[in-house]
Amino acid sequence: MNIFLLEDDTAIATGLKYSLEGEGYTVTIAKCVKEAFDIISKNEFSLCILDLTLPDGNGYDVCKFIKSKYNIPVIFLTAADDEVNAVMGLEMGADDYISKPFRLKELMARIKMILKRYSKNGTENTARLGDITINISQAKVYKRGEEIILSAMEYRLLLIFVNNPGVVMSRLQLLENIWDVEGDFVNDNTLTVYIKRLRDKLEDDPSDPKIIKTVRGLGYAAQSN
């Protein structure tokens, strides 16, 4: 699979290219927006990883260009430490974001999950959990047609369940896959809060959850359609 990487930091770009190629991917690098437009227009890619701040523009412009022409996933790399920038990227059609500094293991896991999701959904980039519909291209969530507003972290947690329907996810597995916007691990108590908030927004009766169920002694499992 071919991955496009937009990153102006040579050290980061070289390290990511080496790691991704070690996982069997082919990687093409651009260091500015102008170069990115030219490369994307002339080649086919399975996934794009975009830095947010570039010498001649920003990753938002490249994301808009990609999403307007191609049905391929986008992950943002950003040094920004506020949730607003992350949510803005998701609203523009990005599939995920990861804050610098980041761990390669987490990035690789997210790439695999997103590629798996696109492979399942084909051109219709949506997913369902019971009566919940997730428009992944637009990072929007609906319950019986009515939009539900989630925070960036709640949305990322929901995507983990979407990608693993019916699979029991331990708290440790969830903690390893969701980081806060500064790149730090979410702690166990905070995870409990996010699960509760997500249930309050998604479930008809949060005290008796059907969409995200507790598997006593093991973790949580999302409803399998």
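None of the values given here were measured: they were computed from a predicted structure. Computed from heavy atoms alone, side chains included, the values below leave out hydrogens, waters and symmetry copies.
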Between Thr10 and Lys31, does a side-chain hydrogen bond (donor to acceptor under 3.5 Å, both in side chains) hold up when you go through it step by step? CA-CA 8 Å; Thr10 301; Lys31 295 187 176 181; 3.2 Å; yes
Does anything in residues 49-61 pair up under salt bridge (Lys or Arg N to Asp or Glu O under 4.0 Å), and if so which pairs, sequence neighbours excluded?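 Found Asp51-Lys100.
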How long is the span from the [atom1] atom in [X] to the [atom2] atom in [Y], to the nearest 0.5 Å?
{"X": "Ile111", "Y": "Asp96", "atom1": "CD1", "atom2": "CG", "value": "10.0 Å"}
{"X": "Met113", "Y": "Leu115", "atom1": "CE", "atom2": "CG", "value": "11.0 Å"}
{"X": "Lys112", "Y": "Tyr25", "atom1": "NZ", "atom2": "OH", "value": "6.0 Å"}
{"X": "Phe76", "Y": "Leu50", "atom1": "CZ", "atom2": "CG", "value": "5.5 Å"}
{"X": "Leu159", "Y": "Asp95", "atom1": "CG", "atom2": "CG", "value": "8.5 Å"}
{"X": "Ile211", "Y": "Leu129", "atom1": "CD1", "atom2": "CG", "value": "7.0 Å"}

Salt-bridge contact Asp38-Lys42 (side-chain N to carboxylate O under 4.0 Å):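 A salt bridge links Asp38 with Lys42.
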Could you go through the side chain to side chain contact (heavy atoms under 4.5 Å, CB included) check for Tyr155 and Ile134 one step at a time? CA-CA 10 Å; Tyr155 180 76; Ile134 304 95; 4.0 Å; yes
Let's go through Ile72 and Glu44 carefully: what are the C-alpha distance in whole Å and the side-chain angles of both, what is the deciding distance for side chain to side chain contact (heavy atoms under 4.5 Å, CB included) to 0.1 Å, and is it a yes or a no? CA-CA 9 Å; Ile72 54 177; Glu44 293 184 5; over 6 Å; no
Does some side-chain heavy atom of [Y] sit less than 4.5 Å from a side-chain heavy atom of [X]?
{"X": "Ile75", "Y": "Cys48", "answer": "no"}
{"X": "Glu154", "Y": "Tyr194", "answer": "yes"}
{"X": "Lys201", "Y": "Leu150", "answer": "yes"}

Taking all non-hydrogen atoms of both residues, which atom of [X] and which atom of [Y] are closest, and how far apart?
{"X": "Phe37", "Y": "Val62", "answer": "CE2-CA, 3.9 Å"}
{"X": "Val141", "Y": "Ile132", "answer": "CG1-CG2, 3.6 Å"}
{"X": "Leu6", "Y": "Cys32", "answer": "CD1-O, 3.5 Å"}

Could you walk me through whether Leu47 and Val74 pass the side chain to side chain contact (heavy atoms under 4.5 Å, CB included) check? CA-CA 6 Å; Leu47 179 139; Val74 170; over 6 Å; no
Spell out, yes or no, whether [X] and [Y] are grouped together once hydrophobic residues are joined by side-chain heavy atoms under 4.5 Å, including indirect joins.
{"X": "Met1", "Y": "Ile49", "value": "yes"}
{"X": "Val193", "Y": "Met153", "value": "no"}
{"X": "Phe161", "Y": "Tyr142", "value": "no"}
{"X": "Leu174", "Y": "Val168", "value": "no"}

Chi angles and distances behind the side-chain hydrogen bond (donor to acceptor under 3.5 Å, both in side chains) call for Arg197, Thr192: CA-CA 9 Å; Arg197 288 178 180 172; Thr192 300; over 6 Å; no
Test salt bridge (charged side-chain N to carboxylate O under 4.0 Å, His left out), reference Asp204, set Lys210, Lys143, Arg199, output is Lys143
